[in-house]
Structure formats: structure tokens, C-alpha cells
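Quick notes on the structure that follows.
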There are 2 protein chains.
Amino acid sequence: MNIGQAAEASGVSAKMIRYYEQIGLIEPPARSHSGYRVYAEPNVHTLRFVRRARSLGFSVEETGSLLALWRDRSRASVDVKTLALKHVAELEEKAAALQAMAATLRHLASHCHGDQRPDCPILDKIGSSN
Amino acid sequence: MNIGQAAEASGVSAKMIRYYEQIGLIEPPARSHSGYRVYAEPNVHTLRFVRRARSLGFSVEETGSLLALWRDRSRASVDVKTLALKHVAELEEKAAALQAMAATLRHLASHCHGDQRPDCPILDKIGSSN
DNA sequence: CTACACCTTCCCATCATGGGAAGGTCAAGC
DNA sequence: GCTTGACCTTCCCATGATGGGAAGGTGTAG
């Protein structure tokens, strides 16, 4: 399987596969006689793992830790759970921050006429010196 | 006022002030005879506006649009409100995405013993081929 | 044998921010 | 007047994750 098929099969773009290899997240695959990267099913499986971890918001570095735990058959589940819950806390913190911004702005907008007149509490507030 | 004082007074770092100037978000300030940037109160006011817009999650580019509206005394408040509500929607979308990740992961973690045994539904699920 | 789809590496761009080097400036204290 | 230390200048580099694209090699179908 060439990189294009591996990308297709894993949902990770070819660009990203090369990048993950370059930074050491994944193992360099075999190469064909002409230098093409050659992937087998286990590689694709790993790539899918990476894609799922990324889609759960883990950074590439965190994904590397998860991958190490995944490959270590003797890991303690508490280590995984700890990592996961720490990440959950970070995600929720970021979500809360975004929602606070949204709430503030929505509140400001609710006081704005939204017509042709120039008066606008949104700009007034952002520009106020308080 | 030199850049350090302007940074102090506005809450925008000196590095960022120079950057905002470089990309054209803010006007280049006056310069002293020796080339130091010299800021007056209106400049600081603008910097505070920028800081507040950024803290509400507006990108630098969006902040530029807000700044233009802010300076345009004849703007229509509907334009501001439209921009603001569009941004609110984006913020809420991002927040929801993060919360969905957190919820998924929290759910997986709730099924993980979190002890010394290696069995871990979190890794199982991330690594599953479904 | 040609055409086309694929592969390779390499460089660049994004977005917002910080770090740091090399060198100039200014004010305070001796 | 001279030194010292805190400031300022510009310039380059790094981050994190991703994509774009160029230049050139490969593989296969017709």
C-alpha cells in the first residue's frame, strides 16, 4: 500500500503521514525499491489511532503518549485514565472560555439596535477605558 | 510615552505592538529623534480596544474590521451587530466541538477502572477499527 | 512509447506570540 | 565626564498542525 492508499484508508492526509513520521510520532514504514513508502495494515491501524486521538483534541505530543500506552500491553489503566481526565479538564476549560466570550459578546449585541444608526454599545464597550 | 509604557498602559506587549504596527493593524506612531516609538493617549486607547477585541476572541483581522467601524463615526450599528453575532456563532460552534470531545472522552474514562490492570476501554475505543 | 496519476524531497505560508542577539540611547549616580 | 543598567531598535528563529506547490522520479494503462 502506498501513502495515498494509506491516507485514504486511515483518514490521515499523506502530508500529515509524512509529518508524523518526520517528528517521530510514527515509525518510518518500509520503502519500495524506488523509495516509495509502503504501508501494511498495522501501520494503517496506528494511523487511525492517531486520527481518533487527534479528533478527541489530543495534541500530537499527547497522542504520542497515548500511542506509547496503547502499545505497552502492561500499562496500568490508571495512567491512561489520568491522562484522559486531565485532557477532559483542559477541553472543558477551553470550552468554558469560549462560551464566556460568546456570552459577553451576545450580551453586548443584545443592546445594539442593529439598524442604520451609528450608536453601538458593542463598540462603545470594547473601546471604553474601564 | 515609549513603547514599554504604552505596553504597560494598554496591556499589549511591546512585541505585539510592533507586530500590530508591522501588519498594518495600527498606525505607525511618531518617532523620537533617536528613532524610539512615541505613543500618546489616543494610541493607547486604540491598543486597549485591540486588546479587548482579541480577548473576546476576534482574530487580528476581525479586530481590524472592528477598528475600522469604531473609527467610522457614520457606521451603521447593524454592521457591527452582524459581525458580532457571526463571531458569537463561531465561538459557540468551537465551544460545542470542544465540549463534545470532552463528553466523549469523559464517557470513555468512566468505563475505565483506573487501577493497575492494563484493560482500558479508552485505548480500546481509540484504537478500534469501527 | 506516451500520458497520467502517483510518489519523493524541499521550501513556504498560515496565526499570534515569544525568545533572543546585536547594537543604539537615555538617565541616574559617582 | 564616564559608567551602568534599563530601555529601545531591527532582525531572525521557534512554536503547532496543516496545506500549497515546485521540481523531479516512478509506475501503469493504453
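Throughout, a chain's letter reflects where its sequence line sits, starting with A, and its residues are numbered from 1. Computed over heavy atoms, backbone and side chain alike; hydrogens, waters and symmetry mates excluded. Remember, predicted model here, so these are calculated numbers, not experimental data.
- Through ILVMFWY side-chain contacts below 4.5 Å, B:Val78 is grouped with nothing and stands alone.
- Here the side chain of A:Asp115 pairs a donor or acceptor atom with the backbone of A:Arg117 at under 3.5 angstrom.
- B:Glu21 CD to B:Leu47 CG: the interatomic distance, rounded to the nearest 0.5 Å, is 10.0 Å.
- One can place CZ of A:Arg51 at 16 Å from C1' of D:dA17, the figure rounded to the nearest angstrom.
- B:Arg54 contributes no side-chain N or O that, together with a main-chain N or O of B:Thr63, makes up a donor-acceptor pair within less than 3.5 Å.
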In a table with atom names and distances, give each donor-acceptor pair under 3.5 Å that connects a side chain of residues 90-98 of chain B to protein atoms at least two apart or in another chain.
from    : atom 1 : to       : atom 2 : distance (Å)
B:Glu90 : OE2    : B:Lys86  : NZ     : 3.4
B:Glu92 : OE1    : A:Arg106 : NH2    : 3.0
B:Glu92 : OE2    : A:Arg106 : NE     : 3.3
B:Glu92 : OE2    : A:Arg106 : NH2    : 3.4

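- Within residues 88-105 of chain A, no residue has a heavy atom under 4.0 Å from DNA chain D.
- A heavy-atom distance below 4.0 Å to DNA chain D is reached by these residues of residues 7-23 of chain B, ordered by number: B:Lys15, B:Arg18.
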For a side chain to side chain contact (heavy atoms under 4.5 Å, CB included) check, start with the C-alpha distance between A:Asn2 and A:Gln5, then their side-chain angles and the critical distance, and finish with the verdict.
CA-CA 6 Å; A:Asn2 286 341; A:Gln5 279 115 49; 4.1 Å; yes

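- A:Phe49 and A:Trp70 have parallel rings, their planes meeting at less than 30° on a 0 to 90° scale where 60° marks the start of perpendicular.
- With A:Ile122 as the partner, the side chain to side chain contact (heavy atoms under 4.5 Å, CB included) test is satisfied by one option alone out of B:Leu66, B:Leu85, B:Val80: B:Val80.
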Determine, stepwise, if the pair A:Met101 / B:His87 fulfils side chain to side chain contact (heavy atoms under 4.5 Å, CB included).
CA-CA 10 Å; A:Met101 290 178 199; B:His87 185 57; 5.7 Å; no

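- Taking 4.0 Å as the cutoff to heavy atoms of chain A, we find the contact window on DNA chain C bounded by C:dC6 to C:dC10.
- Between the SG atom of A:Cys112 and the CG atom of A:Leu123 there is a distance of 8.0 Å, given to the nearest 0.5 Å.
- Contacts between residues 26-34 of chain B and DNA chain C, defined by a heavy-atom separation under 4.0 Å, are made by B:His33, B:Ser34.
- A:Arg31 CZ: more than 12 foreign heavy atoms inside a 6.0 Å radius.
- Rounded to whole angstrom, the span from the CD1 atom of B:Ile3 across to the C1' atom of D:dC8 amounts to 9 Å.
- For the pair B:Leu83 and B:Glu62, the minimum side-chain heavy-atom distance is 4.5 Å or more.
- Using a 4.5 Å heavy-atom cutoff, the side chains of A:Arg48 and A:Arg52 are in contact.
- Looking at which nucleotide of DNA chain D each of A:Phe58 and B:Arg37 is closest to, the 5′-most match is held by B:Arg37.
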